[in-house]
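Quantities reported herein were computed from a predicted structural model and do not represent experimental measurements.
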2 protein chains.
Amino acid sequence: MKRTEGFQPISQESTPALIAAQLRSLISKGSMAPGAQLVEMDIAGALGVSRGPIREAIQRLTQEGLLVSIRNRGVFVAEFGEADIRDIYEARTAVEKAAAGLLVEGDHSSAGAELLVKVDDMEAARAKSNSEAMSEADVAFHERLVAMAASPRLSRMHGTLLTETRMCLNRLEGRYLDESVRVAEHRHIAEALKDGKTELLMKLLDAHKDDALARLLTEKPSAATLQTA
Amino acid sequence: MKRTEGFQPISQESTPALIAAQLRSLISKGSMAPGAQLVEMDIAGALGVSRGPIREAIQRLTQEGLLVSIRNRGVFVAEFGEADIRDIYEARTAVEKAAAGLLVEGDHSSAGAELLVKVDDMEAARAKSNSEAMSEADVAFHERLVAMAASPRLSRMHGTLLTETRMCLNRLEGRYLDESVRVAEHRHIAEALKDGKTELLMKLLDAHKDDALARLLTEKPSAATLQTA
DNA sequence: AGAAGTATGATTGTTGACAATCATCCGATC
DNA sequence: GATCGGATGATTGTCAACAATCATACTTCT
């Protein structure tokens, strides 16, 4: 028996990566609002580290597009207008369609089944009129769709796009939906994947995007304004 | 006349961003080989700055996936195996197809014409048997395809994927091709775009990817091994 | 009242110093 | 020869200090 059997290599995350993850989460949740300035000294004080690693973390998020850095003036949470929202959804759909394409070539039956579980989560949230859980389940559906494709690059790109999506959705007030339509849309996508119907799947993903954009970019958000991820 | 007419706002790039761009270029060109360690002090000395901004630049490239950072041991240029090459090409094709889809919905005729200009560059390089120019023209074709879609996110994602592509291609030796086939493939894509033939365009992009992967991942590169971007 | 100039405070950008960590080498021991 | 322990040098990670820059407030001048 080898003496090191049973041991696992230890891998420590770097401090800037940890800080970046925490900041990303706060930005994603809207705790740090679009346009808000990140003050290094404040964050350093809150986290109990020096400004160096904070600056390094900020570079990560700037590279990712979540922060905007203006030399000598500071770093701000990115703000997205209508064009950005369109761009985010276009890019997301591109990634999701590519992932779906890969999934259809594999065991699409169990992939679809797994997505249906996520749809059930959405249905449960709808039944409880828990809109926060619904949003989370909606995002989880899309996340899982791409993750199952086991493509590191699609997942990486999608991760950023989902963060950007959340940032956009955080800004919108009064987001109501006939949630059963929302659940049904996702169920149709999952079923098309399950059945290996490539063309239908692509059409549904496109329609899902068009639907979302139409609702998100309605000029006067009203009580009937709809939301979907 | 307003006193500030004719003036343009000045916007200074941050030092870490400048450093990151230079490093990205060196990595892209293969001057910094996959697996090579970046030594902060060396780079700082070469650029005449302190280690702080170097570290910040490195965080950018790490976030982008071009560098791999291991705590307390250093930062290394990312290395890609066969699975990575597949993933890069899959992701690139996803982005390129999405861009193509957007272009077809607009003035696809002039978009296609513009791509044909890039094909002519490729043809000129073929006629001179200049394989470096051919590679550059090939990459420029794909770059332009996505840039014309005017989608910041597709362009951003594509930029990284192209750098990764170059890194992979840098490793391969003996890359010979019947270059006229290569030029023809790109010409067909440009023509399909010009003519607004969506389905054909998507099929050609997929075939282009499959072709590239088949060639790049041939087990024993021979004089007949083909290369395309 | 509006414009210009100056001062001030907050924040950013960079640097060099120091501690921590790791890889490598060398010598001792079995 | 193989293993272990210790020393050494290289490099990384973090920190605090200082200079530079900007935004804001206040004062003076027209």
Side-chain angles (χ1 to χ4, degrees), chain A residues 1-5 7-23 26-27 32-63 66-79, chain B residues 1-5 7-23 26-27 32-63 66-79:
Chain A
M1 166 161 143
K2 200 176 172 190
R3 288 183 306 171
T4 55
E5 198 153 312
F7 286 82
Q8 297 291 338
I10 293 183
S11 178
Q12 277 260 50
E13 192 92 78
S14 75
T15 304
L18 292 172
I19 297 169
Q22 204 174 144
L23 293 178
L26 292 173
I27 290 165
M32 284 172 148
Q37 178 164 12
L38 279 72
V39 181
E40 298 167 10
M41 293 202 57
D42 291 351
I43 301 172
L47 297 183
V49 296
S50 74
R51 284 171 49 226
I54 303 293
R55 296 184 58 80
E56 289 185 38
I58 282 171
Q59 293 293 342
R60 285 185 167 232
L61 298 177
T62 300
Q63 176 62 32
L66 303 180
L67 298 180
V68 176
S69 168
I70 304 169
R71 186 182 176 94
N72 290 326
R73 286 172 57 193
V75 175
F76 305 85
V77 179
E79 296 178 271
Chain B
M1 166 162 146
K2 200 177 172 187
R3 287 184 307 173
T4 57
E5 200 154 308
F7 286 82
Q8 297 293 342
I10 293 182
S11 177
Q12 277 260 54
E13 192 92 78
S14 74
T15 305
L18 293 172
I19 297 168
Q22 203 175 146
L23 293 179
L26 292 174
I27 291 165
M32 283 171 149
Q37 178 164 13
L38 279 72
V39 181
E40 298 169 11
M41 293 202 58
D42 290 352
I43 301 171
L47 298 183
V49 296
S50 72
R51 284 172 47 227
I54 304 292
R55 295 184 58 82
E56 291 186 36
I58 282 172
Q59 292 294 343
R60 285 185 167 230
L61 299 178
T62 301
Q63 177 62 33
L66 303 179
L67 298 179
V68 177
S69 168
I70 304 167
R71 185 181 178 94
N72 291 327
R73 287 173 56 192
V75 176
F76 305 84
V77 179
E79 295 178 270

Partner residues of Gln22(B) under the side-chain contact (heavy atoms from CB on, under 4.5 Å) criterion, sequence neighbours left out: Leu47(B)
Whole-Å distance separating the CG atom of Leu47(B) from the C1' atom of dT15(C): 15 Å
Would you be so kind as to tabulate the donor-acceptor pairs closer than 3.5 Å made by side chains of residues 13-20 of chain A, with sequence neighbours excluded?
residue	atom	partner	partner atom	Å
Ser14(A)	OG	Ala17(A)	N	3.3
Thr15(A)	OG1	Arg71(B)	NH1	3.2

Heavy-atom closest pair, residues Met41(B) and Arg51(B): CG-CD, 3.7 Å
Contact state string [nucleotides 14-23 of chain D, B base, S sugar-phosphate only, - no protein heavy atom under 4.0 Å]: BB-B---SSS
Atom of Phe76(A), atom of Ile70(A) and distance for their closest heavy-atom approach: CE1-CD1, 4.0 Å
Member of Leu38(A), Leu66(A), Val77(A) meeting the side-chain contact (heavy atoms from CB on, under 4.5 Å) criterion with Leu23(A): Leu38(A)
Donor-acceptor contact present, side-chain Gln59(A) to main-chain Leu61(B), <3.5 Å: no
Test salt bridge (Lys or Arg N to Asp or Glu O under 4.0 Å) applied to Arg55(A) - qualifying residues, sequence neighbours left out: Glu40(A), Glu56(B)
Sub-4.0 Å heavy-atom contacts from residues 37-44 of chain B onto DNA chain D, ordered by number: Gln37(B), Leu38(B), Val39(B), Glu40(B)
Rounded distance (Å) that lies between atom C1' of dG13(D) and atom CD1 of Ile58(B): 12 Å
Rounded interatomic separation in angstrom, taking CZ from Phe76(B) and C1' from dA23(C): 11 Å
